[in-house]
Amino acid sequence: VPMASLYGMSALHLAAMRGHIGVINELLESGADPNKLSFRNYSARALAEAAGHDEVIHALQGAGGGVNGNTASVSGLYGALGATFCVCAAVYAARLT
């Protein structure tokens, strides 16, 4: 079930931004595309890097998430979105099980 937030970020983007490795693993196992870019050209990996989530970065790289996307002002975007969108990733992952 494809799902995107207002900013074109998938559940994988949102979970990567917040460092939810369990959700990341579930989404990747369910076929989420680690190379998909948001409307603003951010990859899940770029969001995880901006937030310093090393375990998430490693998981995304192992899944073929080699695309880094736009890293300019990612930290500002990360701070602006906050935990609200993270709920979307959890709901999405729950629907997959």
Residues passing the side chain to side chain contact (heavy atoms under 4.5 Å, CB included) test with Asp54, sequence neighbours excluded, are Ile57
Any idea which heavy atoms bring [X] and [Y] closest together, and the distance?
| X | Y | result |
| --- | --- | --- |
| His13 | Ala44 | CD2-N, 3.4 Å |
| Ala59 | Ile24 | CB-CG2, 4.3 Å |
| Val56 | His20 | CG2-N, 4.4 Å |

Is the closest side-chain heavy-atom distance between [X] and [Y] below 4.5 Å?
| X | Y | answer |
| --- | --- | --- |
| Asn35 | Ser43 | no |
| Met17 | Met9 | yes |
| Leu12 | Leu28 | yes |

Rounded to the nearest 0.5 Å, what separation is found between the CD atom of Glu49 and the CG atom of Leu60? 9.5 Å
First locate atom CG of Asp33, then atom OG of Ser10, and finally report the distance between them rounded to the nearest 0.5 Å.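 That separation rounds to 8.5 Å.
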